[in-house]
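Data block below; observations after.
A, B, ... follow the sequence lines: proteins, then strands. Residue 1 opens every chain. All values below come from the heavy atoms of this structure, side chains included, with hydrogens, waters and symmetry mates left out.
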2 protein chains.
Amino acid sequence: MSSHIPIGRKVTLNDIAAGCGVSRATVSLVLRGSPLVNKLTRARVEEELRRQGYVYNRAAANLRRRTSTSIALVLNDLANPFFAEFAAGVDEALAAAGFVTLLGCTGESPAREQAVLGSLLEHGPAGIILSPAEHSRAADVLAAVGRRAPLLLFNRELGGALPEFAHWDQLMLDNQHGARLATEHLLERGHRRIAFFGGHHDSSSCRQRHAGYAEAMRGAGLRTEPHWRIECAPTRLDAAHHTPALFAGAFAPTAAVCYNDAVALGLMLGLNQRGLRPGHDFALTGFDDIAEAALGMPPLTTLSAAPRERGGQAAELVLERLQQPQAASRQTVAPVRLIVRESSCPPPIT
Amino acid sequence: MSSHIPIGRKVTLNDIAAGCGVSRATVSLVLRGSPLVNKLTRARVEEELRRQGYVYNRAAANLRRRTSTSIALVLNDLANPFFAEFAAGVDEALAAAGFVTLLGCTGESPAREQAVLGSLLEHGPAGIILSPAEHSRAADVLAAVGRRAPLLLFNRELGGALPEFAHWDQLMLDNQHGARLATEHLLERGHRRIAFFGGHHDSSSCRQRHAGYAEAMRGAGLRTEPHWRIECAPTRLDAAHHTPALFAGAFAPTAAVCYNDAVALGLMLGLNQRGLRPGHDFALTGFDDIAEAALGMPPLTTLSAAPRERGGQAAELVLERLQQPQAASRQTVAPVRLIVRESSCPPPIT
DNA sequence: CTGAAAGCGCTTACAG
DNA sequence: CTGAAAGCGCTTACAG
């Protein structure tokens, strides 16, 4: 059980009612802007509210009315700028709708996710926006949340699908289309030997991006080599380490579609170590458009998901769900935009 | 007034009590872990809680007990990685203490800050952590918050000091010391003509950093030239634009202590445009250690405030205040660490 | 147009 | 060790 912090004496409806000689009910009606109240009574009450510095106790009101004015936002990694932007977008849209954001971070741990969901649910959010931790399972989330609040899944799918899945809304990035755009862009530049670099195949976003890449390659009538698909952790460091594998076989690629920007920046490091100049001798693209992407050497061609707008969209989606609890669940796919920068050069002339 | 969202029928203490033939009071005692309850009764109740999928209604409990288990976190800019890290640190520490984070973003607007504080206060947080919007005034914050919850001020001071100020705790970065460290580091490298570049003098953090720079220069017995103090907006772009001003007079500087990393990165661009190689022909330092700092060309010597740890510290400070509402207010200054990278080269040999 | 009364889901003395 | 009763700060039919 959590600690308990006593609150100082606060001004309540009783104080206001007593202060201007009306009943609690009348004060309540004034607060809620009811047209039933006499103008003069209203003015007197409003003056008294100001005078005593009254603050509405929304928790009490919510209890009585059996409503909620909060939405839980559960994120796998707030320190990641992508999710920070997303959170800012969520909070802005929720605030505009009169809701408050209950924040919870899981640090990519399914166990912490369970704890965070449990704790936030005790505060009775009207809905939940969840960007799941890496290996979070559908069954566990379902057990924690049940039917207590509608859930919107953002960015990642959960492991181990379930029948109840159908009840959850989803907002996903168009990973497949994005990777296809990047691949087609490199094809247009004249590349034929294009690798797909980084990420792990057990991540749904990685599979989707790879599918988009494969689709574009097939569409161009091109075959791919096994060593054009290098898996590695989605970090700069691991990407740099795995760079040599790209050049291990015959038909070395002249370009790579990278799982994300971090991987692309790491590949740049790895290329430099081999004496290859990214953006001159080798072309590459990222995914996410993190702040560093525009500053890389060279600046990185990448895909932007406009995380702040996604946040606003996620907020809209849960709020709509609250209006229509029974409507069929919605699977929304957010568009992704190609941002062309210097890193996606034409192939070197051989 | 905000919208209202009806909540579905939930399992309450009454359902549990009825379900296993005890009174509500007994169930409550079980929930709160009271030793007064018979072991068998406890086991029966716990089984029933599980069976019905009971979720504790903390809002109702808080209302009855007149307690609160939430802390409001009000940030000027969550999209800024520094504050995102800070927020992650706050949330982690609060969660560990059984508290929940009520998030609010102001987007650097004092007007939105007022609205956000008002809205969050209606949810009855036990305390508030506020990183104020740029031109937020003490009087306005006081009017919004009053004595309804203890406030911890983070990162920036408020405009227009007030007697009541003394009631607020503060957690500030050691800006002055940090800038002094950077300046002394450049002095040790052999620089004598060192500029202070970027930021606006009406920002308290900028004044403090400039004071640290001036202190180090005085300490070394060095005078400074007027054109060694260039003001500009704390953005990359504006910094790049203002670069020529550094070289407008006689005694051009060989190094610059920059207001922050964004400014330093902008100055790098500006130097490149003049044909000067940062880290070779000109030395510079930043402030913040943003992710791009380590990746700059060259990597940027800078100061780290360890934002995530600051978040944990801020959470500790408010939680301590809740235990001791009457204790004298505390002004905490968080240390800042110099991170030496290639940008702070020795002066060119002339 | 205003007030008295009941109740949201919990907790907490107080009896027994 | 357990239960009946009152009350946290609100809202909402229902009278008048």
Worksheet item: Does the side chain of Asp169(A) come under 3.5 Å of the side chain of Ser329(A) through a donor N or O and an acceptor N or O?
Response: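 Looking only at side-chain atoms, Ser329(A) and Asp169(A) do not form any donor-acceptor pair under 3.5 Å.
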Worksheet item: Between Gln324(A) and Glu320(A), do the side chains contain an N or O donor and an N or O acceptor separated by less than 3.5 Å?
Response: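 Not at all, the side chains of Gln324(A) and Glu320(A) share no donor-acceptor pair under 3.5 Å.
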Worksheet entry | Within residues 37-46 of chain A or reaching into it, pairs that qualify as side chain to side chain donor-acceptor pair (under 3.5 Å) - sequence neighbours excluded |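 Every candidate side chain to side chain donor-acceptor pair (under 3.5 Å) pair involving residues 37-46 of chain A fails, so no pair, neighbours aside, qualifies.
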[X] side-chain proximity, nearest of [options]:
X        : options                   : answer
Leu29(A) : dT2(C), dG7(C), dT11(C)   : dT2(C)
Arg66(B) : dG9(D), dC10(C), dT2(D)   : dG9(D)
Ser23(A) : dG3(C), dG3(D), dG7(D)    : dG3(C)
Tyr56(B) : dT12(C), dG9(D), dT11(C)  : dT11(C)
Ala61(B) : dT11(D), dC10(D), dT11(C) : dT11(C)
Arg32(B) : dT12(C), dG7(D), dT12(D)  : dT12(C)

Starting at atom [atom1] of [X], determine the distance to atom [atom2] of [N], rounded to an integer number of angstrom.
X        : N       : atom1 : atom2 : value
Asp15(A) : dC10(D) : CG    : C1'   : 13 Å
Asn14(B) : dA4(D)  : CG    : P     : 12 Å
Arg64(B) : dC10(D) : CZ    : P     : 16 Å
Leu13(B) : dT2(D)  : CG    : C1'   : 15 Å
Lys10(B) : dG9(C)  : NZ    : C1'   : 11 Å
Leu31(B) : dC10(C) : CG    : C1'   : 10 Å
Asn57(B) : dG9(C)  : CG    : P     : 8 Å
Asn62(A) : dT12(D) : CG    : C1'   : 15 Å

Worksheet item: Relative to the ring of Phe83(B), is the ring of Phe154(B) parallel (under 30°), tilted (30 to 60°) or perpendicular (over 60°)?
Response: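 Phe154(B) vs Phe83(B) ring planes: perpendicular.
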Practice prompt. Give me the residues of residues 36-45 of chain A where at least one heavy atom lies under 4.0 Å from an atom of DNA chain C, by number, or none.
Written response: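 When residues 36-45 of chain A is checked for heavy atoms under 4.0 Å from DNA chain C, the hits, listed by number, are Leu36(A), Val37(A), Asn38(A), Thr41(A).
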Worksheet item: Once you round to the nearest 0.5 Å, how far does CG of Asn62(A) lie from NE2 of His123(A)?
Response: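 Those atoms lie 12.5 Å apart.
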Worksheet item: Could you give the distance from CD (Gln326(A)) to NE2 (His167(A)), rounded to the nearest 0.5 Å?
Response: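 One gets 9.5 Å once the value is rounded to the nearest 0.5 Å.
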Discussion item. For Ala25(A) and Leu63(A), find the nucleotide of DNA chain D closest to each by heavy atoms; which residue's nucleotide sits nearer the 5' end?
Written reply: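 So the residue in question is Leu63(A).
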Fill in: Verdict with reasoning, Arg310(B) to Glu85(B), per side-chain contact (heavy atoms from CB on, under 4.5 Å)
CA-CA 9 Å; Arg310(B) 293 309 132 242; Glu85(B) 284 273 7; over 6 Å; no
Worksheet entry | Derivation of the side-chain hydrogen bond (donor to acceptor under 3.5 Å, both in side chains) call for Asn76(B) and Glu108(B) | CA-CA 5 Å; Asn76(B) 50 321; Glu108(B) 295 286 17; 3.0 Å; yes
Item to complete: Apply side-chain contact (heavy atoms from CB on, under 4.5 Å) to Leu152(B) and Gln170(B), showing your working.
Response: CA-CA 5 Å; Leu152(B) 172 74; Gln170(B) 289 192 193; 5.5 Å; no
Looking only at side-chain N and O atoms, does [X] come under 4.0 Å of OP1 or OP2 in [N]?
X        : N       : result
Arg24(A) : dG9(D)  : no
Arg65(B) : dC10(C) : no
Ser28(A) : dT11(D) : yes
Thr26(B) : dT2(D)  : no

Worksheet entry | Derivation and outcome, side-chain contact (heavy atoms from CB on, under 4.5 Å), residues Ile71(A) and Leu102(A) | CA-CA 6 Å; Ile71(A) 300 285; Leu102(A) 295 176; over 6 Å; no
Discussion item. Expected output check: what is the dot-bracket annotation of DNA chain C, where ( ) and [ ] are pairs inside the strand (brackets for crossing ones), | is paired with another strand, and pairs are Watson-Crick or G-U under 3.5 Å?
Written reply: |||.||||||||.|||
